[in-house]
A.B. asks: 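Dropping the structure in here first, questions after.
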Amino acid sequence: MKKVKLIATGGTIAMRKDPCGKAVPAVTGHDLLGSLPELQKDATWDVIEFSNVASCNFDPERMLQLAKVVNEAFADPDCQGIIITHGTDTLEETAYFLDLTVKDTRPVILTASQRDASERDSDGPRNLHNSLRIALDSRAKERGVLIALNEEIHAARDVRKLHTSHVDAFSSGELGSLGSIDNEEVLWHRKPEPTIKFDLPSSLAKVIICKAYTGMNERLLECMVDSQVEGVVIEAFGRGNVPPEVVPALQRITARNIPTVVTSRCLFGRTAPIYGYPGGGANLQEHGALFAGDLSTEKVRLLLSIALKSGVTQDDLREILSSGGVK
């Protein structure tokens, strides 16, 4: 039988209700696998107990440590693929971080559940079964880091969580899923564009997010940028526009050679320097702002945090962002 590695990090898939009826961490990776003996009929498993925390506890430094564990796990030539159990809150962020930093072409699949392990209709077991089917599928190679939920397979770069509680909470928008599971069969619909790859840095840059809102002034943005900040992501309106009062602060920040990247609060679609009025995207570009295409705010922050510690210049960064972070 083929070997698969399970890296358990926690999340709702590893939770049960406590005496007060609240979901709390309670299930290890070994427990999870032991509760589903049928999974062991199709593969041999190595279980790595990385953590058992809610994914809101996952910060970039923890993602960096997880990436090291994944890369070390792939040193085993017999490993067919790696499945990571995780919480859904920050699932897309951890998946994208790994997509940027894991160069092995064997499949890495993140899975999770919206309903805890004590629920009769928990979606965890089905998602874990489907993740194994993907890991054992030879066609899963060279597709980047994957997310397997609700019979769908998504690319880490494209996917977003759209609902707080529904089992069909994740979507890749107009790009669509990479594939699906039907009657226990893995079906592939498309291949993703290959994501740019970085060597694992020893540390991560401090990058902040500032969300634009109506009536906003420049003081908030300036207060957020202290001497330790190395990058700024501004989540703007629409195509990448902000209140005009913010522009002077943005100009002062870019004058300090702090990369400042504009994303959109819209869930899907591209930012672009289209509008030339004060605060419009073209105006921001004139003052040194960069644009992130269709990458989400959270993913741009992670890309910056890695890239800025990898010796990437401003010109390199502009090129990376203009391509949406793909090769």
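Given the structure is predicted, the values throughout are model-derived calculations rather than measurements.
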A.B. asks: Less than 4.5 Å apart, side chain to side chain, heavy atoms only: is that true for Val261 and Leu303?
C.D. replies: no
A.B. asks: Tell me whether Lys161 contacts the main-chain N or O of Thr90 through its side chain, where contact means a donor paired with an acceptor under 3.5 Å.
C.D. replies: no
A.B. asks: Does this structure show an ion pair linking Glu93 with Lys299, if we count only N-O contacts that are shorter than 4.0 Å?
C.D. replies: no
A.B. asks: Side chains of Val53 and Arg62: does their closest heavy-atom pair fall under 4.5 Å?
C.D. replies: yes
A.B. asks: Following the transitive rule for hydrophobic clusters with a side-chain heavy-atom cut-off under 4.5 Å over Ile, Leu, Val, Met, Phe, Trp and Tyr, establish whether Ile253 and Met224 coincide in one cluster.
C.D. replies: yes
A.B. asks: Is a side-chain donor or acceptor of Thr94 paired with a backbone partner of Met63 at a separation under 3.5 angstrom?
C.D. replies: no
A.B. asks: Short question: side chain of Ser264, backbone of Gly238 - any donor-acceptor pair under 3.5 Å?
C.D. replies: yes
A.B. asks: Quick one: CD on Glu319 to CG on Asp315, what's the gap to the nearest 0.5 Å?
C.D. replies: 9.0 Å
A.B. asks: Would Arg265 count as a cation-pi partner of Phe237, with NZ or CZ less than 6.0 Å from the six-membered ring centre and within 45° of the ring normal?
C.D. replies: no
A.B. asks: Taking the side chain as everything from C-beta on, heavy atoms only, tell me whether Ile196 gets closer than 4.5 Å to Val326.
C.D. replies: no
A.B. asks: Specify the closest pair of heavy atoms between Thr28 and Glu49, including all atoms of both residues, with the distance to one decimal.
C.D. replies: CB-OE2, 3.4 Å
A.B. asks: Would you say Leu308 and Val225 are hydrophobically clustered, going by side-chain heavy atoms of ILVMFWY under 4.5 Å?
C.D. replies: no
A.B. asks: Could you pull out the closest heavy-atom pair between Val312 and Leu317, with the gap in Å?
C.D. replies: CG1-N, 3.6 Å
A.B. asks: In plain terms, say whether Asp294 and Arg157 are close enough for a salt bridge, that is, a side-chain N and a carboxylate O under 4.0 Å apart.
C.D. replies: yes
A.B. asks: Is the backbone N or O of Phe198 less than 3.5 Å from a side-chain atom of Thr101, with the two atoms forming a donor-acceptor pair by type?
C.D. replies: no
A.B. asks: Would Lys191 and Leu178 count as a side chain to side chain contact (heavy atoms under 4.5 Å, CB included) here? Give the steps.
C.D. replies: CA-CA 6 Å; Lys191 269 198 170 184; Leu178 297 183; over 6 Å; no
A.B. asks: Assess the residue pair His129 and Glu184 against the criterion (side chain to side chain donor-acceptor pair (under 3.5 Å)); give the C-alpha distance rounded to whole Å, side-chain angles, the decisive distance to 0.1 Å, and a yes or no.
C.D. replies: CA-CA 9 Å; His129 272 273; Glu184 303 184 1; over 6 Å; no
A.B. asks: Is there a salt bridge (Lys or Arg N to Asp or Glu O under 4.0 Å) between Asp123 and Arg126 once you walk through the steps?
C.D. replies: CA-CA 6 Å; Asp123 47 326; Arg126 181 179 293 271; over 6 Å; no
A.B. asks: Would the distance check show the side chain of Ser122 and the main-chain N or O of Glu119 forming a donor-acceptor pair, the cut-off being under 3.5 Å?
C.D. replies: no
A.B. asks: May I ask whether Ile7 and Val145 are part of the same hydrophobic cluster, defined by side-chain heavy atoms of I, L, V, M, F, W, Y residues being less than 4.5 angstrom apart, directly or through others?
C.D. replies: yes
A.B. asks: What is the distance from atom CG of Leu146 to atom OG of Ser131, rounded to the nearest 0.5 Å?
C.D. replies: 9.0 Å
A.B. asks: Between Ile147 and Leu91, is a side chain to side chain contact (heavy atoms under 4.5 Å, CB included) present by the stated rule, with each step listed?
C.D. replies: CA-CA 8 Å; Ile147 290 177; Leu91 180 66; 3.8 Å; yes
A.B. asks: Distance from Leu187 atom CG to Ile153 atom CD1, nearest 0.5 Å?
C.D. replies: 8.0 Å
A.B. asks: Heavy atoms only: give me the nearest Asp31-Ala26 pair and the separation to one decimal.
C.D. replies: OD2-O, 4.2 Å
A.B. asks: Taking the side chain as everything from C-beta on, heavy atoms only, tell me whether Leu128 gets closer than 4.5 Å to Thr85.
C.D. replies: yes
A.B. asks: Find out whether Asn241 and Asn283 are in side-chain contact, i.e. whether some heavy atom of one side chain is under 4.5 Å from a heavy atom of the other.
C.D. replies: no
A.B. asks: Treat each ILVMFWY residue as a node, draw an edge where side-chain heavy atoms are under 4.5 Å apart, and state whether Val159 and Val108 are in one component.
C.D. replies: yes
A.B. asks: Decide whether Ser118 and Asp116 meet the rule of one side-chain donor and one side-chain acceptor closer than 3.5 Å.
C.D. replies: yes
A.B. asks: Output the distance between atom CD1 (Ile306) and atom CZ (Arg301), rounded to the nearest 0.5 Å.
C.D. replies: 11.0 Å
A.B. asks: Counting N and O atoms only, with roles assigned by atom type, does the side chain of Asn127 sit under 3.5 Å from a partner on the main chain of Ala112, one being a donor and the other an acceptor?
C.D. replies: yes
A.B. asks: Testing the 3.5 Å rule here: is there a donor-acceptor pair between the side chains of Glu152 and His154?
C.D. replies: yes
A.B. asks: Taking 4.0 angstrom as the limit, do Lys5 and Asp76 come out as a salt bridge?
C.D. replies: yes
A.B. asks: Do any side-chain atoms of residues 206-216 form donor-acceptor pairs under 3.5 angstrom with protein atoms, and if so which ones, sequence neighbours left out?
C.D. replies:
residue: Lys206; atom: NZ; partner: Asp226; partner atom: OD2; Å: 3.3
residue: Lys211; atom: NZ; partner: Glu235; partner atom: OE2; Å: 2.6

A.B. asks: If you apply the rule side chain to side chain contact (heavy atoms under 4.5 Å, CB included), what do you find for Trp188 with Asp137, and how did you get there?
C.D. replies: CA-CA 10 Å; Trp188 295 102; Asp137 190 322; 3.5 Å; yes
A.B. asks: Taking it one step at a time, do Lys141 and Asp104 satisfy salt bridge (Lys or Arg N to Asp or Glu O under 4.0 Å)?
C.D. replies: CA-CA 9 Å; Lys141 291 183 178 180; Asp104 200 288; over 6 Å; no
A.B. asks: Would you check if the side chain of Asn52 reaches a backbone N or O of Val27 as a donor-acceptor pair within less than 3.5 Å?
C.D. replies: yes
A.B. asks: Would you find a donor on one side and an acceptor on the other, under 3.5 Å apart, between the side chain of Ser113 and the backbone of Arg115?
C.D. replies: yes
A.B. asks: If I compare all heavy atoms of His189 with all of Gly179, which pair ends up nearest, and what's the gap?
C.D. replies: CD2-CA, 3.4 Å
A.B. asks: Is a side-chain N or O of His166 found less than 3.5 angstrom from the main chain of Asp168, in a donor-acceptor match?
C.D. replies: no
A.B. asks: Do Thr111 and His86 meet the criterion of a side-chain donor-acceptor pair at a distance under 3.5 Å?
C.D. replies: no
A.B. asks: Using 4.0 Å as the upper bound for N to carboxylate O, is an ion pair formed by Arg133 and Glu185?
C.D. replies: no
A.B. asks: Could you tell me whether a side-chain N or O of Thr254 sits under 3.5 Å from a main-chain N or O of Gly288, the two making a donor and an acceptor?
C.D. replies: no
A.B. asks: Are Leu66 and Leu302 linked, directly or through intermediate hydrophobic residues, by side-chain heavy-atom contacts shorter than 4.5 Å (ILVMFWY only)?
C.D. replies: yes
A.B. asks: Nearest 0.5 Å, what's the CD1-CD1 distance between Ile82 and Ile48?
C.D. replies: 7.0 Å
A.B. asks: Heavy-atom distance under 4.5 Å between the side chains of Gln80 and Lys3, does that happen here?
C.D. replies: no
A.B. asks: Does any donor atom in the side chain of Gln114 or Thr12 lie under 3.5 Å from an acceptor atom in the other side chain?
C.D. replies: no
A.B. asks: If every non-hydrogen atom of Leu321 is compared with every non-hydrogen atom of Phe291, which pair is closest and at what distance?
C.D. replies: CB-O, 3.4 Å
A.B. asks: With heavy-atom distances below 4.5 Å as the criterion, would you say the side chains of Asp158 and Phe268 are in contact?
C.D. replies: no
A.B. asks: Can a donor-acceptor pair be found between the side chains of Ser202 and Lys309 at a distance below 3.5 Å?
C.D. replies: no
A.B. asks: Quick one: do Ile84 and Leu98 satisfy side chain to side chain contact (heavy atoms under 4.5 Å, CB included)? Show the steps, please.
C.D. replies: CA-CA 11 Å; Ile84 302 172; Leu98 295 176; 3.6 Å; yes
A.B. asks: Quick one: does Val186's side chain get under 4.5 Å of Arg139's, heavy atoms only?
C.D. replies: yes
A.B. asks: Kindly compute the distance separating CD1 (Ile258) from CG (Leu304), expressed to the nearest 0.5 Å.
C.D. replies: 12.0 Å
A.B. asks: Of all the heavy-atom pairs spanning Glu38 and Asp42, show the shortest one and how long it is.
C.D. replies: O-OD2, 4.0 Å
A.B. asks: Any luck finding a side-chain donor-acceptor pair between Asp99 and Thr195 under 3.5 Å?
C.D. replies: yes
A.B. asks: Could you please spell out the steps behind the ring pair (Phe, Tyr, Trp, His ring centres under 6.0 Å) verdict for Phe170 and His163?
C.D. replies: CA-CA 7 Å; Phe170 285 77; His163 199 281; over 10 Å; no
